[in-house]
Protein chains: 2
Amino acid sequence: MNTKRHRMAADDRRSAILDAATTLLTDQPWEDVTVAGLLDAAGISKGGFYHHFTSKDDVLAEVVLRLSDASISAGEDSLSRCGGTAVERFSAFLAHSARWELSHAAKIAAIVRMAMMEGNGPLFVKLGEESARRCLPLFKALVRDGVAQDAFCVVDTDLTAELLMHIGRMRWPTFLGARRIFADGQRDAAWRMICDRVRVEEGLTNRLLGLESGTVTFPPLTEYWLVLDAEWQNEAP
Amino acid sequence: MNTKRHRMAADDRRSAILDAATTLLTDQPWEDVTVAGLLDAAGISKGGFYHHFTSKDDVLAEVVLRLSDASISAGEDSLSRCGGTAVERFSAFLAHSARWELSHAAKIAAIVRMAMMEGNGPLFVKLGEESARRCLPLFKALVRDGVAQDAFCVVDTDLTAELLMHIGRMRWPTFLGARRIFADGQRDAAWRMICDRVRVEEGLTNRLLGLESGTVTFPPLTEYWLVLDAEWQNEAP
DNA sequence: CTTGTTTACAGACCGGCAGTCGGTATGTAT
DNA sequence: ATACATACCGACTGCCGGTCTGTAAACAAG
């Protein structure tokens, strides 16, 4: 009773809770996040919490949506805005995505760290499902257009799109690895790791699309310096 | 007290519990499997159970090992037994694996069903990790040898191996899809789905390895008829 | 056949967890 | 002022994973 009763707009309260959950998730696997802890972090009572969410997992689902939405939306509308030939479109899409990712490096790093954390299987799977649900169609469309224009020559549209997405999914975990190496003082090795990764992705992308190496292009390597350069909070110990 | 005390050899008891867990897992996600339920299914008390396992998750870990070990071991020693050129070795490995899989279709199907079940993220992830831990090195070795012999021309050994494994991982989920379609009466469509899948895998494998289509070969399509033909228990409702 | 020791097992018990419920405060419309 | 809706509270419940104390079976030694 001594606790003052803060009444907030439903949406504000929801996002406050979601924020708290996201924060907790940065250094705890979801299994270890308790509703009590979440209540504490969000400054609300159990009754209040269950007025806004139906279950603990309900919160996770929303968190996943919030985490993935920004990046996926960016991809979706970058795609809708690039024209030209299939090859140009593909390269433009790659460039837009890369730039968006690089300018949100800290946030992406945090998400990847969460997803890769021990005991966070559910989060990892849900994020994967969500990105498959929304990103795969993008890649498929891109590939299909190229095939229709006789620009690409793929073995199979769907599997090719899936592999392209799979490659992209493993990019940031690799970047984080480089980042760690960089922090260890092996700066050259770290930078080489990043350059290699990008070059390899470009090579594989062209190969999967049935193109000469260098046809579809990734942004210039120098842009990726941001991966190592950016100041991030919450670095792993 | 009225319960008779069955005293068993430790190993027998362990595997009895593991069997029970595996059975429960066929129609329940791991989250929903309770220790009490497991106790009941295995016919043992709590004290007995915790004498053999340190935790519920300990059981899952063991189950994962048991599920994955047979197939992975088969792969490992089939690899060790095939000689010849890199291309021959690769094809032989593919053939051995395919035949082993096809002759254990029911079991594989059950495992895949478990892993793909809603709310079984942890199982899915753990199985993936285990197969990555043991299968990836196989693929890497295969690819590396081919490159060393100038037989393969890959963009990057490691990523190529990873993609090859990823393709393989998605094979049986696809087969199960075909199986469902088959059960629905669309027999031709189901069979076409399987043939397409195998052809596409073969095409992509050759492309990733930098080979002319048809160089590395999968077993003849007719062998895959077993996917649809075999009598399996526990078909999904 | 005793005795002692180890090992497999039993089941009462515990702390903590997610989720519920009756009730209370804080608006907003009439 | 009255009535209704909505945000919120915290005691409570039921269950679940895990521990603990104790007991019965197997085995070894004398």
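So that the names make sense, note that chain A is the first sequence line, chain B the second, and so on, each numbered from 1.
- With B:Asp184 contributing its side chain and B:Gln186 its backbone, the two residues share no donor-acceptor pair below 3.5 Å.
- The ring-ring contact (aromatic ring centres under 6.0 Å, His included) pairs that include a residue from residues 99-122 of chain B are B:Trp100-B:His104, where partners are two or more places apart or lie in different chains.
- For the pair B:Leu24 CG and D:dC16 P, the computed distance is 13 Å after rounding to whole Å.
- B:Asp12 pairs by the side-chain contact (heavy atoms from CB on, under 4.5 Å) definition with B:Met8, B:Ala9, not counting sequence neighbours.
- Evaluation of the ring pair (Phe, Tyr, Trp, His ring centres under 6.0 Å) rule for B:Phe49 yields B:Phe53 as partners, not counting sequence neighbours.
- Computed from coordinates, the A:Ile17 CD1 to D:dA7 P distance equals 12 Å when rounded to whole Å.
- Checking side-chain atoms of A:Arg134 against main-chain N and O of A:Ile72 turns up no donor-acceptor pair under 3.5 Å.
- Among the atoms of the strands shown, base atoms are found under 4.0 Å from some heavy atom of A:Lys46.
- Distance A:Phe53 CZ to C:dT20 P: 15 Å, rounded to the nearest Å.
- The nearest whole Å value for the distance from the CG atom in A:Leu60 to the P atom in C:dA18 is 13 Å.
- Rounded to whole angstrom, the span from the CG atom of B:Asp12 across to the P atom of D:dA26 amounts to 14 Å.
- Residues that satisfy the side-chain contact (heavy atoms from CB on, under 4.5 Å) test with B:Lys56, not counting sequence neighbours, are B:Trp30, B:Val35.
- Less than 4.0 Å separates DNA chain C from no heavy atom of any residue of residues 28-37 of chain B.
- Summary of the strand contacts: B:Gly47 and A:Ile44 both lie near DNA chain D, and taking for each the nucleotide with the nearest heavy atom, the more 5' one is attributed to A:Ile44.
- The OH atom of A:Tyr50 sits 17 Å away from the P atom of C:dG22 (whole-angstrom rounding).
- The list of ring-ring contact (aromatic ring centres under 6.0 Å, His included) pairs with a residue in residues 119-144 of chain A, not counting sequence neighbours, reads A:Phe93-A:Phe139.
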Can you give each donor-acceptor pair under 3.5 Å made by side-chain atoms of residues 164-171 of chain B, sequence neighbours left out, with the distance rounded to 0.1 Å?
from: B:His166; atom 1: ND1; to: A:His166; atom 2: ND1; distance (Å): 3.4
from: B:His166; atom 1: NE2; to: A:Glu162; atom 2: OE2; distance (Å): 3.4
from: B:Arg171; atom 1: NH1; to: B:Glu201; atom 2: OE1; distance (Å): 2.5
from: B:Arg171; atom 1: NH2; to: B:Glu101; atom 2: OE2; distance (Å): 3.3

Using the 3.5 Å cut-off, write out each protein N or O paired with an N or O of nucleotides 3-8 of chain C and the distance between them.
from: C:dT7; atom 1: O2; to: B:Arg7; atom 2: NH1; distance (Å): 3.0
from: C:dT7; atom 1: O2; to: B:Arg7; atom 2: NH2; distance (Å): 2.8
from: C:dA8; atom 1: OP2; to: B:His51; atom 2: NE2; distance (Å): 2.9
from: C:dA8; atom 1: O4'; to: B:Arg7; atom 2: NH1; distance (Å): 3.3
from: C:dA8; atom 1: O4'; to: B:Arg7; atom 2: NH2; distance (Å): 3.3

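- We find that CG of B:Asp40 is positioned 15 Å from C1' of C:dA10, with the value rounded to whole Å.
- Rounded to an integer number of Å, the gap from CZ of A:Phe49 to C1' of C:dG19 is 10 Å.
- Every residue was checked against the ring pair (Phe, Tyr, Trp, His ring centres under 6.0 Å) condition with B:His52, not counting sequence neighbours, and none meets it.
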